Amino acid sequence: MPELPEVEVVRAGLAQAVTGARVAAVDVLDRRALTRHDAASGDFESLVTGARIEAAVRRGKFLWLPIGDDRAVVGHLGMSGQLLLRTPDHPGDDRHARIRLHLDHPEHGELRIDFVDQRTFGSLAVDRLVPTADGEVAGFSPGVSGPWARSIPAQVSHIARDPLDPAFDDRRFLDALARRASGVKRVLLDQGLVSGVGNIYADEALWAVRLHGEQPASSLTRRRGGELLTAVRDVLGKALAEGGTSFDAQYVNVNGASGYFAHSLNAYGRAGLPCPRCGTPMVRESFMNRSSHRCPRCQRLRMPRAGAATSTPVRTDGSPARR
DNA sequence: ACAGCATCCTGAAGGC
DNA sequence: TGCCTTCAGGATGCTG
């Protein structure tokens, strides 16, 4: 389940069920689900079997289960991955079940985590934990802490903090925006700069602040950049409060239930439908092998005039230039 | 160093 | 019915 809100719903579901559990056995049904596992560090099954799960932590769209102080089981759901909590006797006959973790919890008894993934872009891996670059807590795992808290899986260390992380550095993000000539949507999707935002929530945030996705990031005023960041936080937070976005049974929580945010979408998937703000039919445009959705009236491209000093951002909110 | 594209994979949906 | 094309919420590695 792709973006931050959906991954957080999964993390929260796992945290309350599996923290303190021990891994009794592992079934790897499809080794393609281990493409991010470095076999040089040892066999996935033997590293996980017998381990005690300390917590469930998330940064952006990555989540991990610390096992001991310096290792974790890292998960990424890719486009279609699910982590489902099941009873030990569940048939688990899903066509796309890739990995099963059989757990034993001191209070909840026996249970199972099934990693199910149709398209196999997702994966599990055991990775070593390395100290965070800024020395702060690595990710989101409310109410639980331990020696692992300020460490991050090595393969996640290049991923930026997400905008809901208290240690997210707003100033650094705005500085980066000012330096990037790329379209602002592309920048929002760069997980090395700000994590957790994907195609849906990028379109939603851009709609909220009336920005065209191809607007050069460096053309935004600092103030517009700040408004965009606020909009990103707002849309992620609201989606999270509604349990994430689901269009079909593919995007579900650990119990297989869907979220409700699809009803609240203003831009994504609304090609041909009226813009909720001005009524103009929304358009869909091709972008990076996928789609962008926007209102052609509210979200216009405002290119800097040729010959204008590039250091002077253009106004992008439609208000008359002053001063 | 950065920007942008192709690629991994499976299944659903729509056109003919 | 069947075949073909297009599309899907992601990250990465390669190219220029």
Side-chain angles (χ1 to χ4, degrees), chain A residues 1-10 29-38 58-63 74-83 94-98 115-125 127 153-160 162 176-206 213-218 232 235-236 239-240 242-253 258-265 267-272 284-293:
Chain A
M1 252 164 255
E3 309 184 43
L4 186 154
E6 294 77 37
V7 179
E8 175 54 25
V9 165
V10 171
L29 308 174
D30 188 335
R31 304 215 67 93
R32 292 177 301 174
L34 293 176
T35 46
R36 287 167 157 274
H37 178 77
D38 177 15
R58 181 192 53 74
R59 176 187 289 205
K61 305 172 196 172
F62 282 84
L63 51 82
V74 187
H76 194 286
L77 301 172
M79 290 285 260
S80 56
Q82 304 175 323
L83 285 166
D94 317 61
R95 218 170 358 155
H96 306 300
R98 310 294 183 196
F115 179 60
V116 178
D117 186 13
Q118 180 199 107
R119 292 177 71 184
T120 70
F121 292 169
S123 64
L124 298 186
D127 200 2
Q155 63 182 256
V156 187
S157 59
H158 68 291
I159 298 293
D162 61 67
L177 273 188
R179 274 186 270 107
R180 299 257 193 138
S182 301
V184 65
K185 177 166 177 178
R186 193 182 293 275
V187 175
L188 281 182
L189 295 179
D190 181 347
Q191 306 295 302
L193 189 60
V194 52
S195 67
V197 182
N199 206 33
I200 293 182
Y201 300 112
D203 279 1
E204 292 300 306
L206 292 168
E214 301 284 358
Q215 186 74 41
S218 53
V232 169
V235 70
L236 293 177
L240 185 51
E242 294 187 39
T245 300
S246 314
F247 303 124
D248 54 46
Q250 194 93 253
Y251 305 97
V252 295
N253 67 16
S258 294
Y260 293 95
F261 194 71
H263 305 290
S264 307
L265 294 175
Y268 185 85
R270 292 183 47 87
R284 184 180 82 80
E285 290 158 335
S286 180
F287 168 78
M288 286 173 81
N289 265 356
R290 45 177 51 136
S291 297
S292 286
H293 310 76

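All heavy atoms count here, side chains included; hydrogens, waters and symmetry mates do not. Here is how names work: the chains are called A, B, and so on, in the same order as the sequence lines, proteins then strands, and each is numbered from 1. The structure displayed is predicted, hence computed values, not measured ones.
For A:Ser195, the side chain to side chain donor-acceptor pair (under 3.5 Å) test picks out no residue, with sequence neighbours left out.
Looking at heavy atoms from C-beta onward, A:Pro2 lies out of side-chain contact with A:Leu77 at the 4.5 angstrom threshold.
Taking a heavy-atom distance under 4.0 Å as the criterion, the stretch of DNA chain B touched by chain A extends 5' to 3' from B:dA3 to B:dG11.
Taking the six-membered ring for Trp and thresholds of 30 and 60 degrees, A:Phe261 and A:Tyr201 have ring planes inclined between 30 and 60 degrees apart.
Note on A:Arg98: nothing from the nucleic acid sits closer than 4.0 angstrom, heavy atoms only. Counting any heavy atom pair closer than 4.0 Å across all strands shown, A:Arg179 reaches no nucleic acid atom.
In DNA chain C, runs of at least 3 consecutive Watson-Crick or G-U pairs, each pair with both distances below 3.5 Å, span B:2-8 with C:10-16, B:10-16 with C:2-8.
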Are there any protein N/O atoms within less than 3.5 Å of an N/O atom in nucleotides 5-8 of chain C, and if so, which ones and at what distance?
unit_1	atom_1	unit_2	atom_2	d
C:dC7	OP1	A:Arg284	NH2	3.1
C:dA8	OP1	A:Ser291	OG	2.7
C:dA8	OP2	A:Ser291	OG	3.3
C:dA8	O3'	A:Tyr268	OH	3.4
C:dA8	N3	A:Arg119	NH1	3.3

Please tabulate, one pair per line, each protein N/O and nucleotide N/O from nucleotides 13-16 of chain C that are separated by under 3.5 Å, including the distance.
none

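Counting all heavy atoms, side chain and backbone alike, A:Arg119 lies closest to A:Ser80 at N-OG, 2.9 Å. Across all their heavy atoms, A:Lys185 and A:Asn199 have their closest contact at NZ-OD1, 2.6 Å.
If you take atom P in C:dG13 and the same atom in B:dC9, they sit 15 Å apart, rounded to whole Å. For the P atoms, the distance from B:dA6 to C:dT6 is 14 Å, rounded to whole Å.
Comparing A:Met288 and A:Arg32 by the nucleotide of DNA chain B that holds the closest heavy atom to each, the one mapping nearer the 5' end is A:Met288.
One can place CZ of A:Phe247 at 7 Å from C1' of C:dG9, the figure rounded to the nearest angstrom.
Between A:Lys61 and A:Asp162 there is no salt bridge, since no side-chain N of the basic residue sits under 4.0 Å from a carboxylate O of the acidic one.
Residues from residues 186-194 of chain A with heavy atoms under 4.0 angstrom of DNA chain B, sorted by number: A:Arg186.
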